[in-house]
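Only one structure is covered here, and it is reproduced in the block below.
Each chain gets a letter, A, B and so on, in the order the sequences are listed, and its residues count up from 1. Values below: all heavy atoms of this structure, side chains included; hydrogens, waters and symmetry mates excluded. Treat the numbers as computed from the prediction; the structure is a model and nothing was measured.
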Protein chains: 2
Amino acid sequence: MDRRQVKTRKAVFEAFVGLLEEKGYPDITVQDIIDRADIGRSTFYSHFEVKEDLLNVLCEEIFAHAFSKHPAKEVTHDFSERDGFKDELTHILYHMRDSRDYIRSILSSESGDVFMRYFKDHLREVFGRCRPAVPDGVPGDYAMEHSVCWFAETVRWWMDNEGYSPEEVMGLFCRYCQLQRP
Amino acid sequence: MDRRQVKTRKAVFEAFVGLLEEKGYPDITVQDIIDRADIGRSTFYSHFEVKEDLLNVLCEEIFAHAFSKHPAKEVTHDFSERDGFKDELTHILYHMRDSRDYIRSILSSESGDVFMRYFKDHLREVFGRCRPAVPDGVPGDYAMEHSVCWFAETVRWWMDNEGYSPEEVMGLFCRYCQLQRP
DNA sequence: TTAATAATGAACACTATGTTCAGTATCTTA
DNA sequence: TAAGATACTGAACATAGTGTTCATTATTAA
């Protein structure tokens, strides 16, 4: 990729994140971004179609990173399976903690909805592999939504309640959600 | 209130709800509303500051209605307390079911976030009175968020999964959330 | 060195917003 | 039912942001 493009993209994202920290997403205009990134108007539009693209790309980036697997902790089978998933989720929490500043500003406005949607989509994939306990008579997708939504909401709660370690948060989450089958 | 004002407000809300059913909230412009309600531009602005006002008022209306207490089922004390809350929640579900069409279109776009926020705010008040079971070592507000978020998400799930009665949904919810203290 | 590619910025058309105001219609109440 | 208050109308206007175009300049990769 051309250095110039890389430089431009970087400037845009830095401007965007900076703006996110000082005003809500809906109040940010393309003009703001252009001014702050100090690039030409046409340059912006040659990189992105609309403002929403930025948010999407940013979310994709955050989650691609947070949900990346570290080979050392690959799931094998049987007993270790539950701990494998627990580790995977804890790993995600570590990433979330490190991006707390970004995430808080994203969550504090309309853009939070987009963020949560991405988050849940990724979580569905993870919990789809994990398949937590489903009580009798409960529709599978409803049970799935419980795990997914509650994990996402747990993170949202955590972002506003500092002072808990990822492991502690994981412990809290597990009080409401059994990760192994009955 | 002047009949003319009532008529105008009604026309605006009917237009707004109609538009909500055929396009997403962010795509609706003030112009659309004016055209559909068939009122003058300046009339709209003498009633509302911005488009967001409409959504807020609409949500307030939906929830004021859904959370209104019916005197017959007032909570008394002790044993009946749990059932009282259960009835209250089921009552809310009935209202939600009746407004399903509105609610689905609100939920299907950015406006869903606003809706969910109002919903949760009202639910916090209800669950604040109910005080569901809090497991040892779990922060009170975290436990509260579980009840609140999960009830709201249950409704969101239900809106897209027809075929369950309010009582059945309440039953599902209770599989994940104890309404009485341990 | 050079051909390809990217960035610039000014100009432009367009869409939606929100305000103003003089004129008209409709209400209330005396 | 007449009079004064209040609400609606619609056209005109200023403003702001969007997204496009294009000739020019700068940077890059080979």
Notebook entry, point to check: Which of the following nucleotides, C:dG18, D:dA7, D:dT9, is nearest to the side chain of B:I39?
Noted result: D:dT9
Check: Atom CD1 of A:I34 and atom P of C:dA10: how far apart are they, to the nearest Å?
Finding: 13 Å
Checklist line | Pairwise 5' ranking along DNA chain C for B:E49 and A:T43, keeping only the more 5' one | finding: A:T43
Note to self: Between C1' on D:dT27 and CG on A:D2, what's the gap in Å once rounded to a whole number?
What the structure shows: 7 Å
Note to self: Please report the distance, rounded to the nearest Å, between CG in A:L19 and P in D:dG17.
What the structure shows: 13 Å
Notebook entry, point to check: Atom CG of B:D35 to atom P of C:dA16: distance rounded to whole Å?
Noted result: 10 Å
Notebook entry, point to check: From the list D:dC8, D:dC22, D:dA12, which nucleotide is the closest neighbour of the side chain of B:R41?
Noted result: D:dA12
Notebook entry, point to check: Where the side chain of B:Q5 is defined as all heavy atoms beyond and including C-beta, which of D:dG19, C:dA6, D:dC8 is the nearest nucleotide?
Noted result: D:dC8
Item checked: Pair A:Y142 + B:W150: ring centers closer than 6.0 Å -> yes
Check: Of the candidate nucleotides D:dA29, C:dT28, D:dA7, which contains the atom at the shortest distance from the side chain of A:R3?
Finding: D:dA29
Next item on the list: Check every strand shown and say whether B:T29 touches a base, only sugar-phosphate, or nothing at a heavy-atom separation below 4.0 Å.
Entry: sugar-phosphate
Notebook entry, point to check: Do B:E145 and B:R124 meet the salt-bridge criterion of a basic N to acidic O distance under 4.0 Å?
Noted result: yes
Notebook entry, point to check: Between C:dT8, D:dT9, D:dA7, which nucleotide gets closest to the side-chain atoms of A:S42?
Noted result: C:dT8
Notebook entry, point to check: What is the distance, rounded to the nearest whole Å, between atom CZ of B:F48 and atom C1' of C:dT17?
Noted result: 17 Å
Check: Looking at A:F115 versus A:F63, is the centre-to-centre ring distance below 6.0 Å?
Finding: yes
Check: Is the shortest distance from a Lys or Arg side-chain nitrogen in A:R156 or A:D160 to a carboxylate oxygen in the other one below 4.0 Å?
Finding: no
Notebook entry, point to check: Nearest-Å distance, CG (A:D53) to P (D:dT18)?
Noted result: 13 Å
Check: Is there a donor and acceptor pair, one atom on the side chain of A:R4 and one on the base of D:dT27, closer than 3.5 Å?
Finding: yes
Next item on the list: Using whole Å, report how far CG of B:D32 lies from P of C:dG18.
Entry: 14 Å
Notebook entry, point to check: How long is the line joining CD1 of B:I28 and P of C:dA16, in whole Å?
Noted result: 13 Å
Next item on the list: Indicate, with yes or no, if the rings of B:F173 and B:W157 have centres closer together than 6.0 Å.
Entry: no
Checklist line | Under-4.0 Å side-chain N/O to phosphate OP1/OP2 contact, B:Y45 with C:dT19 | finding: no
Margin query: Nearest to the A:Q31 side chain among D:dT18, D:dG19, D:dC8, which nucleotide is it?
Written below: D:dT18
Note to self: From the set D:dG19, D:dC8, D:dT28, return the single nucleotide nearest to any side-chain atom of B:H47.
What the structure shows: D:dC8
